[in-house]
Amino acid sequence: MALMGIQLVFSLLVASIFQKMAPHWSFARWLLCNGSLHRYKHPSEEELLALAGKQKPKGKRDSRRINGVTDGKPSTVPRDIDLQLESSPIRTVDALVLCYFLEYQWYVDFAGYSTLVYLFTEGYYCLVEPQKETNIGILWCLLTAVFSVKIFVMVMRHYFRSKEGGERSVCLSFAFLFLLIAMVVLVVREDYLEFGLNAGLTSVHNNLEVFFMDQGWEWMIPVTKLGIKVGLVAICSFIGACLTFPGLRLAQTQLDALKMVANQPKIQLLLHASFLAPVIVVLMWIKPIARDLLLQAPMGKETVQIMSDTTYNSVRLWTIVVLCVLRLAVTRYHLQAYLNLAERWVEQMKREAGRITVLEIQRKITRIYCYVTVVSLQYLAPIFLTLHCTLILKTLGEYSWGLYPEPALTSPAPDAIPVRQAASSEDSGKEDIQAAVEQITASLSALGTVFTPLFYRGLFSFCVWWIAACQVISIFFGLYFHQHLAIS
């Protein structure tokens with residue numbers, strides 16, 4: 001009956017609203033189709049030929065014939081024609097033809113409703129403090145994280161299907177690079193990277209040993225910590241490969257967005273702050289730079305404690321949330337900077353010599369617009385993944401937002417884990433079923449004590465930090481590439 005509480009009712013209500021409101025209004029369509037983003041229309045063949053001083057053939061008589069066969073050469077125009085692209089606001093009807101638009105709309109809407117459910121559950125827990133209810137907001141956040149990875153896989157599969165194969169090579173190269181970096185990170189001492197992962201894995205190892213012994217099984221997995229770390233290295237390599245192209249794209253849109261708002265210093269400041277957000281997240285888990293400096297700040301010959309450990313934990317959570325909100329706030333500048341690539345490509349074409357086919361011009365401009373939803377997913381998915389992993393870290397790790405005291409971590413004692421009880425052979429069939437249900441319940445309760453908040457703190461702290469670290473590496477490589485390698 002504890003599960004059938006107000007949380008479940010609100011969760012079902014939100015799911016119903018999510019389903020009913022999707023055809024009429026959505027976060028995704030509001031973000032993309034509210035009139036603030038402008039796309040560039042491709043010119044028609046008649047317009048291009050008119051700019052080149054030509055006329056489109058009106059019929060078969062105007063077509064050149066060679067040996068009775070119509071010459072099917074495509075129409076060409078000089079590259080230096082005075083072409084001016086026409087822009088128009090993106091409407092919902094225009095967005096329906098975009099690549100992966102339905103996936104984009106469903107994912108962004110689900111992430112928005114997931115955040116709404118989590119905010120409700122957090123308020124509910126602050127006011128009511130239920131003891132036996134399951135936090136349904138965590139389930140929504142976990143699903144959002146899973147769907148974020150699914151989005152990454154979908155986009156990466158799109159790159160792997162490319163005929164050129166250059167994107168595939170880049171993904172594989174960065175996957176190997178992140179594999180090496182992950183192995184180095186996991187051997188760094190806790191004095192420098194304070195994930196708490198080793199303490200969490202130790203608690204899981206000890207609790208598993210007690211759990212299997214109480215269930216009457218022999219403990220035969222002495223390398224649990226090593227196995228989990230090997231699995232983490234593989235997952236880190238995969239996530240790094242998925243975040244490669246989003247980072248490269250973010251670097252490009254950042255440079256273009258800064259040029260686009262060159263006369264707006266306040267917007268430029270916000271763009272710089274949002275761009276450096278992953279760097280700030282990475283630094284917050286480097287103990288000598290962050291925690292030690294704030295807990296023992298040097299003031300001349302003395303040290304002053306600016307905040308406590310629990311306060312720093314809360315400040316770190318709030319900082320990540322604020323940075324994610326900031327990055328969401330400047331989304332439209334990055335998307336518009338990407339859409340402006342069509343105009344920039346036309347200006348570059350005008351500086352080149354020779355001729356170009358009409359179809360190539362139309363395809364290039366259209367392809368930039370049709371790809372805007374993929375760029376949106378590459379920009380938004382890392383933000384939602386970071387945000388919801390942080391929310392999971394707060395709840396499962398039993399942190400506090402600073403509004404109420406942070407609970408002390410307690411590891412379950414061996415005596416506190418339920419012990420298996422054998423059912424009596426003299427019981428009736430009904431009693432046997434009841435004993436079996438009690439046995440299963442006791443086993444599940446015992447298994448729940450294996451994964452403690454200490455483990456969740458280490459695991460999701462490492463996840464949040466690794467996502468930010470992958471973005472830092474990819475975006476700074478993207479800056480170097482777009483400013484030096486691409487030009488040369």
Side-chain angles (χ1 to χ4, degrees), residues 3 7-8 10-12 14-15 18-19 22 26-28 100-122 134-160 171 175 178 182 197 200 228 231-247 278 281 320-321 324 327-328 373-374 376-397 447-448 451 453 455-471:
L3 288 176
Q7 288 188 85
L8 182 59
F10 184 78
S11 181
L12 294 176
V14 170
F18 176 35
Q19 182 182 6
S26 68
F27 296 109
Y100 299 126
F101 176 74
L102 296 179
E103 291 82 355
Y104 158 78
Q105 178 180 344
W106 190 92
Y107 169 71
V108 174
D109 289 347
F110 185 88
Y113 286 110
S114 174
T115 307
L116 181 63
V117 172
Y118 181 84
L119 292 176
F120 174 82
T121 56
E122 281 295 292
T134 303
N135 193 326
I136 297 182
I138 291 300
L139 177 61
W140 283 75
C141 292
L142 285 172
L143 289 176
T144 304
V146 172
F147 292 144
S148 300
V149 176
K150 183 181 178 182
I151 290 295
F152 290 138
V153 173
M154 180 188 69
V155 176
M156 192 165 61
R157 189 187 304 121
H158 177 76
Y159 286 125
F160 270 71
C171 288
F178 285 119
L197 190 59
I228 294 178
L232 277 178
V233 168
I235 294 175
C236 289
S237 175
F238 172 74
I239 293 178
C242 292
L243 291 172
T244 297
F245 275 100
V281 175
I320 298 175
V321 173
C324 290
R327 295 187 67 187
L328 288 174
T373 47
V374 178
S376 302
L377 290 174
Q378 290 178 331
Y379 183 84
L380 294 174
I383 301 175
F384 289 138
L385 181 59
T386 303
L387 175 62
H388 288 87
C389 284
T390 304
L391 300 180
I392 296 172
L393 169 63
K394 184 270 166 190
T395 303
L396 294 184
L447 187 60
F451 300 101
F455 168 73
Y456 291 124
R457 285 189 177 189
L459 178 63
F460 286 101
S461 293
F462 177 75
C463 288
V464 173
W465 185 89
W466 180 252
I467 294 169
C470 292
Q471 294 182 74

*So T373 and L377, side chain to side chain contact (heavy atoms under 4.5 Å, CB included) or not? Walk me through it.*
CA-CA 6 Å; T373 47; L377 290 174; 5.6 Å; no
*asked:* Contact between T121 and F10 at the side-chain level, heavy atoms closer than 4.5 Å - yes or no?
replied: no
_Please verify the inter-ring angle class for F101 with Y104; under 30° counts as parallel, over 60° as perpendicular, anything in between as tilted._
tilted
*Steps toward side chain to side chain contact (heavy atoms under 4.5 Å, CB included) verdict (S461, L197)*: CA-CA 8 Å; S461 293; L197 190 59; over 6 Å; no
_Does any part of the side chain of Y379, heavy atoms only, come nearer than 4.5 Å to the side chain of R327, both counted from C-beta?_
yes
*In Å and rounded to the nearest 0.5 Å, what is the CG to CG distance from L391 to L142?*
10.5 Å
*side chain to side chain contact (heavy atoms under 4.5 Å, CB included) involving T395 - partner list, sequence neighbours excluded*: Y118, E122, N135, I138
*Nearest 0.5 Å please: distance from the CG atom of D109 over to the OG atom of S114.*
12.0 Å
*Examine distances only and state if a side-chain atom of S237 and a backbone atom of F178 form a donor-acceptor pair shorter than 3.5 Å.*
no
*Between atom CD1 of I228 and atom CG of L459, what is the distance when rounded to the nearest 0.5 Å?*
8.5 Å
Please table the atom pairs, donor to acceptor, closer than 3.5 Å between any side-chain atom in residues 146-158 and protein atoms at least two apart or in another chain.
| residue | atom | partner | partner atom | Å |
| --- | --- | --- | --- | --- |
| S148 | OG | Y107 | OH | 2.6 |
| S148 | OG | T144 | O | 2.7 |

_Worked verdict on F110 versus L143 for side chain to side chain contact (heavy atoms under 4.5 Å, CB included)_ = CA-CA 9 Å; F110 185 88; L143 289 176; 3.8 Å; yes
*Could you pull out the closest heavy-atom pair between A241 and C171, with the gap in Å?*
CB-O, 3.8 Å
*Can you name the nearest heavy-atom pair linking F245 to Q378, along with the distance?*
CB-NE2, 4.0 Å
*Rounded distance [0.5 Å steps], CD1 in I320 versus CG in L387*: 9.5 Å
*What pairs with C236 under side chain to side chain contact (heavy atoms under 4.5 Å, CB included), at least two apart in sequence or on another chain?*
A182, F462, W466
*To the nearest 0.5 Å, how far apart are OG in S376 and OH in Y100?*
14.0 Å
*CG/L385 to CD/Q471 distance, rounded to the nearest 0.5 angstrom?*
8.5 Å
*asked:* Can you give me the closest heavy-atom contact between S11 and W140, atom names plus distance?
replied: OG-NE1, 2.7 Å
